[in-house]
2 protein chains.
Amino acid sequence: MLAAVLQIRDGALNVLLWQRAMEPALGRWALPGGRLGASEDVQSSVSRQLADKVDLREVAHIEQLGVFSAPDRVPGRRMVATAFLGLVPCDADPAVPSDTRWHPVAALPDTAFDHAAIVRDAQDRLRAKLSYTNLGFALAPAEFTISALRDLYRAALGHPVSATNLQRVLARRGVLVPTGRTAASGPAGGRPAALFRFAEQRLRVTDAFAVLRPPSGEPGLDGAPGTRRSASDLVHPVVT
Amino acid sequence: MLAAVLQIRDGALNVLLWQRAMEPALGRWALPGGRLGASEDVQSSVSRQLADKVDLREVAHIEQLGVFSAPDRVPGRRMVATAFLGLVPCDADPAVPSDTRWHPVAALPDTAFDHAAIVRDAQDRLRAKLSYTNLGFALAPAEFTISALRDLYRAALGHPVSATNLQRVLARRGVLVPTGRTAASGPAGGRPAALFRFAEQRLRVTDAFAVLRPPSGEPGLDGAPGTRRSASDLVHPVVT
DNA sequence: ACCGGTTTTCGCCTTATAATCGAAAACATG
DNA sequence: CATGTTTTCGATTATAAGGCGAAAACCGGT
């Protein structure tokens, strides 16, 4: 039960780590987590563990990342961990305990166990899902300009992003809606930017990323009609 | 530790289930699996469990599906299961124990616990990955005609697929290569079909499915150059 | 009030990829 | 050799993404 909680800070992707005060891996930096309780599922459990580190209301999205189970991943005793990816909007600055810090994923400190690999997987997952879902909602504030959103995507993806293209791709998919309001101009003037928000605060997959689509009226030769869920209500869609 | 092992049989997607001979859920159909050993990771473990049910050499691909952990998913005692997706090429017909059968996923029998939901997740994962990976290799024989492959995709996706389009989409991506040989004509004559094979037998993600790409030379403003893995060597890519 | 400087926004065009359609190719049978 | 069947291929259309530059909307200073 571990979580890689990511947030964009100062234009870079950061992850929440705490410094271990005991063996094994004393002094190294580790992902927050804990043991699974008897009457909770893994998702509730990880949420509960995180409550010690950050204000839970700040975590906009959380999902399973995978199971890490190499027998020797934790020296001494057998530990099988279910890892999660958590995302915090960039305008939140949750209070964290004194042993806990945000670290840029591009320059991790000395990490414990296989936690560096888990962070890499989390980053990969985030990058991929930014492409074909509305996952940006979990990184952005409630209201934002396109430029601000562009900066978030650039930090998360690790490469420059065209504001024009971002705007249109997201608008066409219906994930971005204008609020009608505008932001104040910057110090040097310039046209005031329109404010946008994400249409939904829940993960949704872009339909169009599926290739080899059904002809058109998509008759479907599945058995059990009505049993099949439509692509758009898959919350934790599809890949790993 | 459970596996939903899928195979196309008689033009429909099937899953391997065994009938429980003990409580709880006596008589119901369950996914094969077992407990994690002390010195193995979950993937090795599931492979080991499957060895009892099918010839392992027949399983062309296996990957993590997710953790199922609702406290009451198994009545009586606490069971947290890591579920896997396994795929068997359609030309294999592994010998299975007498309590084990293939069942069409469209018409599952009385299933135990939450196994029906796991099978649905497995099917969703397969459908999605057929779109943007070369995962078809795990469903198809070593050599096949486009028509045969079309039938496999149709069965897995649940909707009609154009052979022409399938051919070119996969060829353009470089996942399909002609062997040069041709199949024998059918009983009614017709032009003999060319035989193809998948270029690789390992999962590979189509690069192009990523949107919001880097400008062109993809400079990348990541830290730690060389640390980052390229999209194409992600074996278990990216989504869930 | 006007002018240069700045930032955002929008329309037009190009490119990339997928889907559709129909004609031609290659075989079997009578 | 004509006919029917199946596959293959080229040409075309459709859709989505990326690139580019002009126009819009604000600033501060002259």
Side-chain angles (χ1 to χ4, degrees), chain A residues 130-134 143-151 153-154 157 159-196 205-219, chain B residues 130-134 143-151 153-154 157 159-196 205-219:
Chain A
L130 285 178
S131 267
Y132 66 92
T133 71
N134 63 347
E143 247 185 17
F144 48 83
T145 68
I146 295 294
S147 309
L149 190 64
R150 187 246 326 240
D151 294 343
Y153 272 73
R154 178 178 46 189
L157 294 175
H159 63 73
V161 173
S162 151
T164 299
N165 199 31
L166 181 66
Q167 139 86 356
R168 268 183 324 215
V169 166
L170 295 185
R172 146 200 282 300
R173 293 176 176 178
V175 318
L176 222 53
V177 300
T179 65
R181 296 193 293 177
T182 62
S185 287
R191 175 170 177 171
L195 288 172
F196 290 81
V205 178
T206 300
D207 321 325
F209 101 102
V211 99
L212 301 173
R213 306 183 183 83
S216 38
E218 68 177 293
Chain B
L130 285 178
S131 268
Y132 66 92
T133 71
N134 63 347
E143 245 184 20
F144 48 84
T145 67
I146 295 295
S147 308
L149 189 65
R150 187 243 330 236
D151 294 343
Y153 272 73
R154 177 178 47 189
L157 294 175
H159 63 72
V161 173
S162 151
T164 298
N165 198 31
L166 181 66
Q167 139 85 357
R168 267 186 322 215
V169 166
L170 295 186
R172 145 199 281 298
R173 293 177 177 178
V175 316
L176 222 55
V177 299
T179 66
R181 297 193 294 177
T182 62
S185 287
R191 176 171 175 170
L195 288 172
F196 290 81
V205 177
T206 300
D207 320 325
F209 99 103
V211 101
L212 302 173
R213 307 182 182 84
S216 37
E218 67 178 294

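Residue numbers begin at 1 in each chain, while the letters A, B, ... track the order of the sequences.
Of all nucleotides listed (D:dT6, C:dT8, D:dA25), D:dA25 comes nearest to the side chain of A:P192. Minimum atom distance to the side chain of A:A188 is reached by C:dT6, of the listed C:dT6, C:dA26, C:dT9. Side chain of B:Q167, nearest nucleotide from C:dT8, C:dA19, D:dC9: D:dC9.
B:R172 has a side-chain polar atom (N or O) that falls below the 4.0 Å cut-off from OP1 or OP2 of C:dA18. Dashed line: the shortest gap from a side-chain N or O of A:R168 to OP1 or OP2 of C:dT9 is not under 4.0 Å. Here B:T164 does not reach the OP1 or OP2 of D:dC9: none of its side-chain N or O atoms lies under 4.0 Å away. Within the structure, every side-chain polar atom (N or O) of B:S185 is placed at least 4.0 Å from both OP1 and OP2 of D:dT6.
Going from atom CG of B:L212 over to atom C1' of D:dG19 covers 14 Å, rounded to whole Å. Between the CG atom of B:L195 and the C1' atom of D:dT8 there is a distance of 14 Å, rounded to whole Å. The CZ atom of A:R181 sits 20 Å away from the P atom of D:dA25 (whole-angstrom rounding). What separates CG of A:L166 from P of C:dT8 is a distance of 13 Å, to the nearest Å. Rounded to a whole Å, the CG atom of B:L170 is 14 Å from the P atom of C:dT17. One atom, CZ of B:F144, and another, C1' of D:dT8, lie 16 Å apart when rounded to the nearest Å. The CZ atom of A:R191 sits 10 Å away from the P atom of C:dT8 (whole-angstrom rounding).
Here the straight-line distance linking atom OG1 of B:T206 with atom CG of B:N134 works out to 7.5 Å at 0.5 Å rounding. A:Q167 contributes atom CD, which lies 10.0 Å from atom OG of A:S147 (distance to the nearest 0.5 angstrom). Note that OG1 of B:T145 is 8.0 Å distant from CG of B:D151, once rounded to the nearest 0.5 Å. Atoms CZ and CG, from B:F196 and B:L149 in turn, are 9.5 Å apart once rounded to the nearest 0.5 Å. Between B:Y153 atom OH and B:N165 atom CG the span is 11.5 Å, to the nearest 0.5 Å. Taking CD of A:E143 as the start and CG of A:L195 as the end, the distance is 4.5 Å to the nearest 0.5 Å.
A donor N or O paired with an acceptor N or O is not found under 3.5 Å between the base of D:dT15 and the side-chain atoms of A:R213.
Closest-nucleotide positions on DNA chain D for A:R173 and A:G190 were compared, and the one nearer the 5' end corresponds to A:R173. Take the nearest nucleotide of DNA chain C for B:N165 and for A:A163: the residue whose nucleotide is more 5' is A:A163. Both B:F196 and B:V211 lie close to DNA chain D; mapped to their nearest nucleotides by heavy-atom distance, the more 5′-ward contact belongs to B:F196.
Using a 4.0 Å heavy-atom cutoff across all strands shown, B:R150 reaches no nucleic acid atom at all. Looking at heavy-atom distances under 4.0 Å, B:A194 makes contact with sugar-phosphate atoms alone, never a base. Across all strands shown, A:S162 has no heavy atoms under 4.0 Å from either base or sugar-phosphate atoms.
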